[in-house]
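I have placed the structure first, in the form of structure tokens, so that the comments after it can refer back to it.
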2 protein chains.
Amino acid sequence: MNGKATTTRTRLERGRSALGPALELVHTGRAPTRAVLTSELGVTRATAGAVAAELEALGLIRVDSRPGAAAGSQGRPSHRLAVDDTGPVVLAAQVHADGFRAALVALGGRTVATAPGCVTVSSDPAQVLGEVVAEGAALLRESGRRCVGAGLAVPSAVAEPEGTALNPLHLAWPAGAPVRDLFVEQVRAAGIEGPAFTGNDVNLAALAEHRHGAGRGSTQLLCVATGHRGVGGALVVDGRLHTGSSGLALEVGHLTVNPEGRPCHCGSRGCLDVETDPLAFLDAAGRDPGPEGSLLEQSRDLLRTEYADRSVRAAAEELIDRLGLGLAGLVNILNPDRVILGGLHRELLDADPARLRAVVADRSLWGRSGSVPILACTLDHNSLVGAAELAWQPVLDDPLAALT
Amino acid sequence: MNGKATTTRTRLERGRSALGPALELVHTGRAPTRAVLTSELGVTRATAGAVAAELEALGLIRVDSRPGAAAGSQGRPSHRLAVDDTGPVVLAAQVHADGFRAALVALGGRTVATAPGCVTVSSDPAQVLGEVVAEGAALLRESGRRCVGAGLAVPSAVAEPEGTALNPLHLAWPAGAPVRDLFVEQVRAAGIEGPAFTGNDVNLAALAEHRHGAGRGSTQLLCVATGHRGVGGALVVDGRLHTGSSGLALEVGHLTVNPEGRPCHCGSRGCLDVETDPLAFLDAAGRDPGPEGSLLEQSRDLLRTEYADRSVRAAAEELIDRLGLGLAGLVNILNPDRVILGGLHRELLDADPARLRAVVADRSLWGRSGSVPILACTLDHNSLVGAAELAWQPVLDDPLAALT
DNA sequence: CGGAGTTTGTTTAGTATCGGCACAAAAGAA
DNA sequence: TTCTTTTGTGCCGATACTAAACAAACTCCG
């Protein structure tokens with residue numbers, strides 16, 4: 001079978017071209033069987049069989065030819081496809097306002113090991129990245145797995161192609177810190193194999209939700225989220241992040257949603273950033289930020305336990321109206337087929353979904369684009385999973401080239 | 001050579017895969033010689049030669065092997081490539097507030113025949129489209145050329161996949177008119193060969209500018225224009241129109257650029273639509289729209305001949321500031337690498353480029369994304385050329401399949 | 001229980017689209 | 001003229017498929 005030990009000249013350069021798409025289908029759960037793989041790829045059964053066999057030989061997927069559960073329909077049951085649990089992993093890392101976290105993530109977005117994370121954050125990016133990579137390296141040693149890449153999520157816009165963090169506001173890092181180079185450096189220093197990538201956390205969360213969460217099947221996915229301070233946005237078009245020409249697309253924080261609103265550091269007033277983040281919510285509800293828990297946690301607790309309180313409810317409705325205005329503007333410009341909200345925005349959606357949807361529909365230009373589904377994100381640690389997606393991407397693009 | 005009269009089973013289905021990219025390179029002028037084609041395609045000289053020969057055999061391009069002008073460098077001079085002037089054409093049609101126009105457009109965006117157009121516009125879309133298609137059919141008969149498709153530009157958002165005009169405001173057409181189907185019907189009735197497509201005029205103008213005008217080489221091109229009433233936007237990403245999930249992306253007219261501004265039919269105030277279009281300019285300059293010429297022509301005359309007038313200059317500066325605010329919002333969300341302005345916006349840019357660039361830079365989040373080049377469009381009738389691009393697209397995607 | 005029908009996997013043969021290589025052709029430079 | 005540089009062309013083989021026939025594994029129905 002596939003005596004492929006012959007001359008592999010062009011194989012190494014271009015690979016089997018259906019290999020990448022096939023792996024992506026299995027990776028995202030869209031090809032549970034070989035028969036589905038055949039139709040999704042639009043190739044013959046012979047080709048799909050060869051591709052699946054080659055991916056299995058690479059240790060990336062498992063082809064289960066045993067009968068298994070009845071398929072439900074008649075005809076010969078199809079071989080089941082699944083990512084290989086014992087295959088290679090990538091190192092995923094995330095830095096946020098309250099600490100950092102490292103994890104090993106297998107194909108399919110499955111987290112196979114997580115370090116507890118840390119709550120002390122230094123103002124020196126190199127030190128923080130060194131610590132998080134060290135945790136990842138420890139996980140790798142324990143697991144004994146092969147590592148094929150690393151990804152890092154940071155709460156800041158990351159300029160391409162330089163890989164610099166332009167506004168790491170709540171990390172106390174210097175603006176313009178070369179996070180990508182620093183991360184690559186630390187990964188190399190720790191002896192971890194494979195390429196290393198860096199991206200904005202909301203962008204990566206959107207990527208993760210598109211592949212493994214509430215965004216599956218969407219072709220134009222808009223994601224908006226707020227974690228601690230400020231608001232992030234992301235757009236996934238046909239399965240790829242829309243990063244703009246220099247990685248700065250979807251910086252939605254300075255859409256005006258309240259002309260007489262709070263002053264913003266950008267010089268304007270009533271920006272989405274300062275009108276719909278957790279601090280704005282606590283402020284609108286007349287609460288002072290307490291010492292316990294992050295701003296997001298305090299806001300979430302308030303929304304979930306004291307929603308009956310008049311001031312809490314009024315604050316929620318005010319934020320929902322502002323958020324809806326911003327979303328409507330984005331919907332008019334981007335025309336997504338799905339919107340996913342994260343962080344506090346997800347909590348606001350849960351609190352009063354009808355109100356948010358009504359505001360968006362009212363301010364959208366046409367009924368249909370205004371009736372775009374607005375959903376809550378569904379993955380835990382979606383930025384972390386998204387960082388792993390970044391690292392997996394070369395493998396998904398060309399498995400043969402990436403693993404040799 | 002290439003005795004290709006054998007079995008053409010898969011050829012008909014998939015075509016030579018480098019054929020489309022090669023034709024696109026010649027079409028957009030990025031492959032003036034066969035040597036450049038070789039490097040641009042990233043294939044061997046042998047492959048590029050075969051591809052060029054096949055495109056010549058199809059009657060799409062001409063390969064000029066005569067010495068010609070000295071190449072400037074040493075070595076054997078490369079064969080020159082050009083689109084075939086005598087090859088097939090597409091029918092391009094445009095409907096706007098002041099009339100309609102039909103033309104025949106060859107590869108390379110060259111208009112080979114134009115009908116004078118008409119100034120009377122009926123409120124019945126079928127009648128207008130029938131007349132413009134009839135003019136196109138007459139041009140075709142005169143020219144004796146082969147027609148491989150037709151494209152139509154309309155001043156309205158066109159919903160996909162239905163092909164309906166959602167807001168044909170200044171045509172007095174009913175909202176939701178099925179323009180795509182009507183156009184296809186008229187094209188079929190006139191006996192014109194090939195598929196027929198319909199698109200928004202600003203979208204198509206952006207496509208044309210990207211391929212043949214000021215947008216060449218851009219990977220993320222933002223285009224904003226205003227012709228008569230209202231403002232249109234378009235985004236071309238990696239050479240393809242970004243239409244959103246249902247064709248409604250880049251409907252930028254209702255960005256708020258002046259919270260205390262003019263009321264807009266959308267229910268809000270100070271929208272880009274009503275703050276930066278020709279009517280807004282005439283209003284700001286204290287002039288009543290006259291009976292002679294379109295609003296755009298009147299505005300242009302005023303700007304070019306009476307810019308010294310205090311009221312005209314003040315009006316221009318007011319509109320520039322509003323437009324800059326809107327552009328800055330779009331730049332923050334889309335992060336384009338180039339911005340092209342059309343219609344009155346182009347005139348405003350010409351009137352005071354420094355002011356407009358300063359406003360955009362000031363309201364953009366980071367210096368670099370704010371310093372995006374802002375240029376005037378360079379093509380005459382760019383919507384018409386864009387409509388032709390739409391019709392050429394199947395040929396550019398797969399020349400063999402499209403011509404058989 | 002057993003055949004018919006259905007769906008999927010596998011084998012074999014064939015082919016389109018390239019890459020690699022050697023050589024020829026057309027220019028400038030020495 | 002001769003050498004060097006650059007480009008075009010013919011030939012061979014490899015890759016990644018398709019097509020078609022056959023085999024396998026299940027359901028359905030009598």
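Per chain, numbering begins at 1; letters A, B, ... match sequence-line order. These values consider heavy atoms only, across backbone and side chains, with no hydrogens, waters or symmetry-generated copies.
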### Task
Please determine if a side-chain N or O atom of B:T47 lies less than 4.0 Å away from the OP1 or OP2 oxygen of C:dT17.
no

### Query
Taking atom P of D:dA14 as reference, at what distance in whole Å does atom CG of A:L400 sit?
18 Å

### Query
By side chain to side chain donor-acceptor pair (under 3.5 Å), which residues pair with B:R146, not counting sequence neighbours?
none

### Message
Using modelled atom types and a 3.5 Å cut-off, is there a donor and acceptor pairing between side-chain atoms of B:S245 and backbone atoms of A:Q220?
### Response
no

### Message
My understanding is that only residues two or more places apart in sequence, or in another chain, count here; which of them pass side chain to side chain donor-acceptor pair (under 3.5 Å) with B:T219?
### Response
B:D337

### Query
So what is the end-to-end bend of the helix from C:dC1-D:dG30 to C:dA30-D:dT1, with 5 pairs used at each end and the value given to 10 degrees?
0°

### Query
Given atom CG of B:L37 and atom C1' of D:dT6, what is their separation to the nearest angstrom?
16 Å

### Message
Output the rounded distance in Å from CD (B:E54) to C1' (D:dT9).
### Response
16 Å

Under 3.5 Å, which donor-acceptor pairs link side chains of residues 103-113 of chain A to any protein atom two or more places apart or in another chain?
| unit_1 | atom_1 | unit_2 | atom_2 | d |
| --- | --- | --- | --- | --- |
| A:R110 | NH1 | A:D85 | OD1 | 3.0 |

### Task
For B:S143, enumerate each residue passing the side chain to side chain donor-acceptor pair (under 3.5 Å) test, keeping only those at least two apart in sequence or located in another chain.
none

### Non-neighbouring partners of A:R338 that pass salt bridge (charged side-chain N to carboxylate O under 4.0 Å, His left out), sequence neighbours left out
none

#### Entry: Most 5' of B:A46 and A:T44 on DNA chain D, judged by nearest nucleotide
B:A46

Under 3.5 Å between N/O atoms: give me all the protein pairs with nucleotides 5-8 of chain C, atom names plus distance.
| unit_1 | atom_1 | unit_2 | atom_2 | d |
| --- | --- | --- | --- | --- |
| C:dT7 | O2 | A:R76 | N | 2.9 |
| C:dT8 | O4' | A:R76 | O | 3.3 |
| C:dT8 | O3' | A:S78 | OG | 3.4 |
| C:dT8 | O2 | A:R76 | NH1 | 3.4 |

Which pairs would a plain distance check flag for residues 236-243 of chain A, meaning a side-chain donor or acceptor within less than 3.5 Å of a matching protein atom at least two apart in sequence or in another chain?
| unit_1 | atom_1 | unit_2 | atom_2 | d |
| --- | --- | --- | --- | --- |
| A:R240 | NH1 | A:D397 | OD1 | 3.3 |
| A:R240 | NH2 | A:E24 | OE1 | 3.3 |

### Task
Could you note down all residue pairs passing side chain to side chain donor-acceptor pair (under 3.5 Å) where residues 31-40 of chain B supplies at least one of them, sequence neighbours left out?
none

## Note on the structure
Between CD of A:E56 and P of C:dT10 the distance, given in whole Å, is 11 Å

